[in-house]
Amino acid sequence: MARDSNYILELLKEYGMVTDEQVAQGWKEVAGSEGKLDIIDALKILGFIDEDQLLAMLANQYGMEVVDLSSYVFPEEVINALTPDVVLQYQVVPVMKHDNAITVAVSDPSDVETIDSLRYLLGCDVDAVAAPAEQIRTVINNNYANLKDTVEHYIDELTEEEAASSQMLAGALGGAAENYADDDTPIVKLVSLLIVDAYKMRASDIHLEPMEKRYRVRYRIDGALAEQEAPPKYLQANLTSRLKIMAGLDITEKRVPQDGRIQLKIGNVDIDLRVSTIPTTHGESIVMRILDKSSIQLDIPKLGFLADDLKLITQIINFPDGIFLVTGPTGSGKTTSLYAFLNTINLPTRKLITVEDPIEYQLSGINQVQVAREINMTFSAALRAMLRQAPNIIMVGEIRDLETAEIAINAALTGHLVFSTLHTNDAPGAITRLIDMGVKNFLVASGVRAIMAQRLLRRNCKECMEEITPTPAECRLLGLSEEYLANHKFYKGKGCPACNGTGYRGRIGIYEIFIVTPDIGELIFANEPSSKIRERARANGMRSLRDDGMRKAEAGISSVEEVIRLTLMDSA
């Protein structure tokens, strides 16, 4: 649910419910939460505001009645006025139904967007009363949570015969299947539920994989795949057809890979799903990447840089020219880092243009160009055209070939600051990669200013983390001495409901920042191997990914086990 925390804070001050000193403490709590709390949550946690008093104040401000649901009797026709998925999604409960109007109880009277969404969704008048959040949750648990709005129910509801019939219908409709599957059919609800469940579990990807005798569903949560309750094998074709229709793909074409996109709203949040299908031995495998526009971190401090690295990054992104490369495998957060850098230096006095494939998030004030190979709008073609637009700063989504690399370096040498990405394991390895592409050594040495390698480290769950002693094997791998262990504490989550038993919740970046100094430029010009360049960079003070990971393990942010997992190849 959306709320204007600053407006609510002003009301709290106006009503004399908080003091300036309490607000100052609240902001400190917000700063220490790394973006997980807003000021209202912080004031509640600190005990400075009472939930009931806050509710009464907001209800008075927005002209709502406060009701006590604990003794309220809910007739069946009232309960049935909203479907379970709507109740669970918006966290509201109906308390009255009459003619063409419904009255619902909300826990946040300031969340007018939810009421507007319900009016649009239900096609009728929606009035609101206020009730404590705990009471609303109790009503939902007692009246909706055990209803049949579950994956298992929709699986059971759609019999094998019905599945076969609906699949025949999809085949008859062919590529023009926009009207296939009414929104109330079990298969549609099942697909919607899978997506909503994945979003609520903070998954970044949904994997639907056909096996020989079963259909596997897995969510990637904090970088690790977790298997979920799976539908039976006979629903495979229905789920595939439904998702391909939603993504605008050809459901009759099953022999070649296809890519599409689904745009939807979950509550008040706009979600993009990038859909990829590929034919396998036992059917089409589907992967959906979930892009939550509201979750992208556009503030550099929130990416996880420690103070010294933050100072260094700030200097790099304010260079007047040159190339700054971000490297790492797919899913390591490269695009998020680049967007945060661009957002920071996006000023009215500068012109910024990006060329991307695909454009993952829309950035205000920045000209973003989508690659379209079918019309020969490649990275290199777009980059050439962009230079005629007289930009100050350019971002190239990825340097994939010699032509793009040479144009980017020439742009850097003619006064442009260029951001881009490469797929290499470490920062110095990007130098070798560019030279292997065919870029001349002297161009690399003079054009590249800095390179940053990164990975995403899973955070310890704050609810269940406890102090641990690294195992002898971990100490051996990390080179930890007894003296070192005596002076440092380490932590790891033991697993709890908040982290789905994994011990980890959320991720943070670890970074290796490599500056191309004059002495390193000489090594590049002399065509020295990557190992020698890395040695010199380390001698100049470059920290490895493992070094940065250990700093975050020492701070209790993550575990030594996680650092080893992500930096197994990092021996320096």
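All values derive from a computational prediction rather than experimental measurement.
- Counting all heavy atoms, side chain and backbone alike, Val371 lies closest to Thr378 at CG1-CA, 4.3 Å.
- Environment of CD in Glu463: sparse, with no more than 12 heavy atoms of neighbouring residues, nucleotides or ligands closer than 6.0 Å.
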Legend entry - Derivation and outcome, side chain to side chain contact (heavy atoms under 4.5 Å, CB included), residues Tyr504 and Ile221: CA-CA 10 Å; Tyr504 300 101; Ile221 303 169; over 6 Å; no
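- With no hydrogens or angles considered, no side-chain donor-acceptor pair links Asn238 and Ser241 at under 3.5 Å.
- Using cut-offs of 30° and 60° for the angle between ring planes, the Phe305 and Tyr511 rings count as parallel.
- Look at Glu209 and Arg218 and you find a salt bridge, because one of the NZ, NE, NH1 or NH2 atoms lies within 4.0 Å of a carboxylate O, short of that distance.
- A distance-only check finds a donor-acceptor pair linking the side chain of Gln454 to the backbone of Ser332 [under 3.5 Å].
- When all heavy atoms are compared, the tightest approach of Ile8 to Ser110 is CD1-OG, 3.6 Å.
- The side-chain heavy atoms of Leu208 and Ser285, taken from C-beta on, include no pair separated by under 4.5 Å.
- Between Lys334 and Ser337 there is no side-chain heavy-atom pair separated by less than 4.5 Å.
- Using a 4.5 Å cut-off on side-chain heavy atoms (C-beta onward), Thr336 and Phe341 make no contact.
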Inset, instruction - Applying side chain to side chain donor-acceptor pair (under 3.5 Å), run through Glu356 and Gln368 and close with a yes or a no. - result: CA-CA 7 Å; Glu356 305 171 61; Gln368 294 174 270; 2.9 Å; yes
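- No side-chain donor-acceptor contact under 3.5 Å links Gln228 to the backbone of Leu194.
- Counting only heavy atoms from C-beta outward, the side chains of Pro210 and Lys233 approach each other to under 4.5 Å.
- Side chain of Asn343 to main chain of Tyr339: no donor-acceptor pair is present (N/O by atom type, distance under 3.5 Å, no hydrogens or angles).
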Inset, instruction - Apply side chain to side chain donor-acceptor pair (under 3.5 Å) to Thr404 and Asp401, showing your working. - result: CA-CA 6 Å; Thr404 304; Asp401 53 50; 2.8 Å; yes
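- Arg119 and Asp116 are joined by a salt bridge, as a carboxylate oxygen and a charged side-chain nitrogen come within less than 4.0 angstrom of each other.
- At distances below 3.5 Å, at least one donor-acceptor pair connects side-chain atoms of Asn392 with backbone N or O atoms of Lys351.
- Across all non-hydrogen atoms, the minimal contact from Ile393 to Phe419 is CG2-CE1, 3.5 Å.
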Inset, instruction - Evaluate ring pair (Phe, Tyr, Trp, His ring centres under 6.0 Å) for Tyr234 paired with Tyr215, printing each intermediate quantity in order. - result: CA-CA 9 Å; Tyr234 67 78; Tyr215 194 54; over 10 Å; no
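- Salt-bridge formation is detected for the pair Asp357/Arg400: a Lys NZ or Arg NE/NH1/NH2 atom is positioned less than 4.0 Å from an Asp or Glu carboxylate oxygen.
- Without hydrogens or angle criteria, Lys97 side chain to Leu82 main chain gives no donor-acceptor distance under 3.5 Å.
- Separating the CD atom in Glu227 from the NE2 atom in His207 is a distance of 12.0 Å, to the nearest 0.5 Å.
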Inset, instruction - Could you check Leu273 against Ile195 for side chain to side chain contact (heavy atoms under 4.5 Å, CB included), going step by step and ending with a plain yes or no? - result: CA-CA 9 Å; Leu273 288 99; Ile195 294 171; 4.2 Å; yes
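- At most 12 heavy atoms of other shown residues, nucleotides or ligands fall within 6.0 angstrom of atom CE in Met377.
- Checking side-chain atoms of Gln258 against main-chain N and O of Asp250 turns up a donor-acceptor pair under 3.5 Å.
- Electrostatic pairing of Asp222 and Arg505 does not count as a salt bridge here, judged by no charged N lying under 4.0 Å from a carboxylate O.
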Inset, instruction - Start with the C-alpha distance between Met64 and Val106, add both sets of side-chain angles, then the distance that settles side chain to side chain contact (heavy atoms under 4.5 Å, CB included), and finish with yes or no. - result: CA-CA 10 Å; Met64 287 187 194; Val106 300; 4.2 Å; yes
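- Of the charged side-chain nitrogens involved, at least one lies within less than 4.0 Å of a carboxylate oxygen, so that Lys244 and Glu284 count as a salt-bridged pair.
- In this structure, the separation between CG on Leu239 and CG on Leu243 is 6.5 Å, given to the nearest 0.5 Å.
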Inset, instruction - Might you work through the salt bridge (charged side-chain N to carboxylate O under 4.0 Å, His left out) test for Asp259 and Arg274, ending with a clear yes or no? - result: CA-CA 7 Å; Asp259 294 302; Arg274 298 288 158 76; over 6 Å; no
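- Of the possible donor and acceptor atoms, one in the side chain of Ser558 sits under 3.5 Å from a partner among the backbone N and O of Arg458.
- Rounding to the nearest 0.5 Å gives a distance of 8.0 Å between CG of Asp38 and NZ of Lys44.
- Annotation: side chain of Leu325 is not in contact with side chain of Thr421 (no heavy-atom distance under 4.5 Å).
- In this structure, CD1 on Ile317 lies 10.0 Å from CE on Met452, to the nearest 0.5 angstrom.
- Between Ser420 and Ile399 the shortest heavy-atom distance is OG-CG1, 3.2 Å.
- Listed for the Asn346 side chain is a donor-acceptor partner under 3.5 Å among the backbone atoms of Ser364.
- Separation of atoms CD1 (Ile345) and CZ (Arg350) is listed at 6.0 Å; rounding is to 0.5 Å.
- Side-chain contact check for Leu291 versus Arg289: some heavy-atom pair is nearer than 4.5 Å.
- Each of Leu342, Val369, Asn367 was compared with Thr354 under the side-chain contact (heavy atoms from CB on, under 4.5 Å) criterion, and only Leu342 meets it.
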Inset, instruction - Go through Ile136 and Val92 one step at a time and tell me if the side chain to side chain contact (heavy atoms under 4.5 Å, CB included) criterion holds. - result: CA-CA 7 Å; Ile136 290 176; Val92 299; 5.9 Å; no
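- By the 4.5 Å heavy-atom criterion applied to side chains, Met96 and Val78 are not counted as neighbours.
- By the 4.5 Å heavy-atom criterion applied to side chains, Val93 and Val104 are not counted as neighbours.
- In terms of heavy-atom proximity, Gly328 sits nearest to Arg455 at CA-NH1, 3.8 Å.
- The CG atom of Asn460 sits 11.0 Å away from the CD1 atom of Ile508 when rounded to the nearest 0.5 Å.
- Between the Arg220 side chain and the Gly223 main chain, a donor and an acceptor come within less than 3.5 Å of each other.
- Here the side chain of Asp299 pairs no donor or acceptor atom with the backbone of Pro301 at under 3.5 angstrom.
- Closest approach of Val355 and Ala382 over heavy atoms only: CG2-CB, 3.5 Å.
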Inset, instruction - Take Asn500 and Thr502 through the side chain to side chain donor-acceptor pair (under 3.5 Å) test and state the conclusion after the steps. - result: CA-CA 6 Å; Asn500 296 317; Thr502 64; over 6 Å; no
